[in-house]
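Reviewing the structure listed below.
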Amino acid sequence: MPALFQNSFYVVNNLNAILYGSELVLYFMTLRQWQINRKRTSWDTSLVWLSTVQVVLITIYWTTQTYFGQQMWIVYADYPGGMDAYLVANAAVWYQTWGSTAIMLCNLLADMLLIHRLYIIWNSKRIVILPVILWFAALGVSIGLLYESGRPNGDYFVGIANIFGTCWNTITFALNFTVTVLICGRIIYVGRRVGLPDTHHARVYTGAVAIVVESALPFTVFSLAYVITFAMQSDVAIAFSFYSMFTCISPQLITLRVLTRRAWTKDSGAQFMTSIQFNDDRTEDTAETRISTDMVHVELGMVDKRSPSLPSSSISQFTDIPGLTAQ
């Protein structure tokens, strides 16, 4: 493979190290918040366990990628044919397959959490039908990808494995894009319809931070760059694979919001929708009352023709009718 791939692989290993450190900080913040919470729910505990599993999986992925780079660049620097030959000969080594399995499982767990958040924010089971179908499709493709890339002489970037890889990345991106758009759209819609004042409490649920975190927006945006370059079989695609670290970081941010009681819940969503319905009903009642009052004033001859309540043409129609003029 050309030097561009090797450089991209080196860069992404460094980026992954930075993001892995960030993930550890967020994880320990999550544990601390869970510990100091006096009213813990079973869902809080479940999220902490999910975070722990994902940290273990992302650790496996990061260490295998880093170890492979060490073997290729340092330990076997004098390998016959150079680094490229070593990469081709060992692309299907067992610990690489182990790392790929870990990151795919972490991705599937992250998508499960996002689908659950979509259900919570929309409070509807029908809205998650398409994401659930895409999730099962991704599960099936991941099995084929692991088999083709992990078998002897297999290569993630070549042959049938590359086709499975393109399908995997496309399906997972489609799932994340769908969920992200639906969550962003819901939060923006609620924020505008409810008409919350620009206060700290309002920004917690409908502000920019809520939109970015609840929808896992960074994960979706960075995965788009990887999907495009991977489908083009570009050597720089591996540099964008750092998005894989967000399969752990984005759910971690959601978990932290839940534990700090800043995340959307079924109750908060129901309250927002009740407020929207109330505002709609109040607007309709106000409009009907205003029209009724104007009609009464017209019938009593109390309308000022300069009044903006009704057009002058409409007023003249009523005042010109015999019997409706003031006595």
Of all heavy-atom pairs between [X] and [Y], which one has the smallest distance, and what is that distance?
| X | Y | result |
| --- | --- | --- |
| P131 | L175 | O-CD1, 3.5 Å |
| I60 | G99 | CG2-CA, 4.4 Å |
| V141 | W168 | CG1-N, 3.5 Å |
| S244 | I58 | O-CD1, 3.8 Å |
| S241 | V12 | OG-CG2, 3.4 Å |
| V128 | S124 | CG1-O, 4.2 Å |

Please determine whether residues [X] and [Y] belong to a single hydrophobic cluster, defined as Ile, Leu, Val, Met, Phe, Trp and Tyr linked transitively by side-chain heavy-atom distances below 4.5 Å.
| X | Y | value |
| --- | --- | --- |
| V213 | M245 | yes |
| L50 | V56 | yes |
| V75 | W94 | yes |
| I183 | L224 | no |
| L217 | V181 | no |

Are there more than 12 heavy atoms of other residues, nucleotides or ligands under 6.0 Å from atom [atom1] of [X]?
| X | atom1 | result |
| --- | --- | --- |
| F177 | CZ | no |
| Y79 | OH | yes |
| I160 | CD1 | no |
| R40 | CZ | yes |

Checking [X] side chain against [Y] main chain: does a donor-acceptor pair fall under 3.5 Å?
| X | Y | answer |
| --- | --- | --- |
| S22 | I18 | yes |
| Q54 | C106 | yes |
| N176 | T172 | yes |

Should W73 and Y10 be marked as a ring-ring contact (aromatic ring centres under 6.0 Å, His included) after you check the CA-CA gap, both sets of side-chain angles, and the distance that decides it? CA-CA 10 Å; W73 296 319; Y10 176 81; 5.8 Å; yes
Between the side chains of Y243 and T220, does any donor sit under 3.5 Å from an acceptor? no
Under 3.5 Å side-chain donor-acceptor pair for D84 and Q6: yes
For [X] and [Y], take the angle between the two ring planes, folded into 0 to 90°, and tell me which bin it lands in: parallel under 30, tilted 30 to 60, perpendicular over 60.
| X | Y | value |
| --- | --- | --- |
| F222 | F246 | tilted |
| Y95 | Y67 | perpendicular |
| H116 | Y119 | tilted |

Non-hydrogen side-chain atoms of [X] and [Y] separated by less than 4.5 Å:
| X | Y | result |
| --- | --- | --- |
| P251 | T247 | no |
| N107 | F219 | yes |
| L253 | R257 | no |
| L15 | V11 | yes |
| R261 | N37 | yes |
| D44 | V48 | no |
| N90 | Y76 | no |
| Y147 | I143 | no |

Check the pair Y20 / T59 against side-chain contact (heavy atoms from CB on, under 4.5 Å), numbers first and verdict last. CA-CA 8 Å; Y20 179 70; T59 300; 2.8 Å; yes
Pairwise distance [atom1]([X]) to [atom2]([Y]) - rounded to 0.5 angstrom:
| X | Y | atom1 | atom2 | value |
| --- | --- | --- | --- | --- |
| C167 | L145 | SG | CG | 9.5 Å |
| L19 | F242 | CG | CZ | 7.0 Å |
| W34 | L259 | CH2 | CG | 9.5 Å |
| M112 | L109 | CE | CG | 6.5 Å |
| F173 | T178 | CZ | OG1 | 9.0 Å |
| T255 | L47 | OG1 | CG | 4.5 Å |

What do you reckon, are the aromatic ring centroids of Y226 and F240 less than 6.0 Å apart? no
Going through the checks in order, is the side-chain contact (heavy atoms from CB on, under 4.5 Å) test met by I254 and S250? CA-CA 6 Å; I254 294 174; S250 291; 5.6 Å; no
With side-chain contact (heavy atoms from CB on, under 4.5 Å) as the test, would you mind laying out the steps for Q252 and M29 before giving the verdict? CA-CA 10 Å; Q252 196 70 64; M29 288 175 62; over 6 Å; no
Apart from W49 itself, members of its ILVMFWY cluster (side-chain separation under 4.5 Å) are none
Can you list the steps and then say if L87 with F5 is a side-chain contact (heavy atoms from CB on, under 4.5 Å)? CA-CA 11 Å; L87 177 63; F5 181 90; 3.3 Å; yes
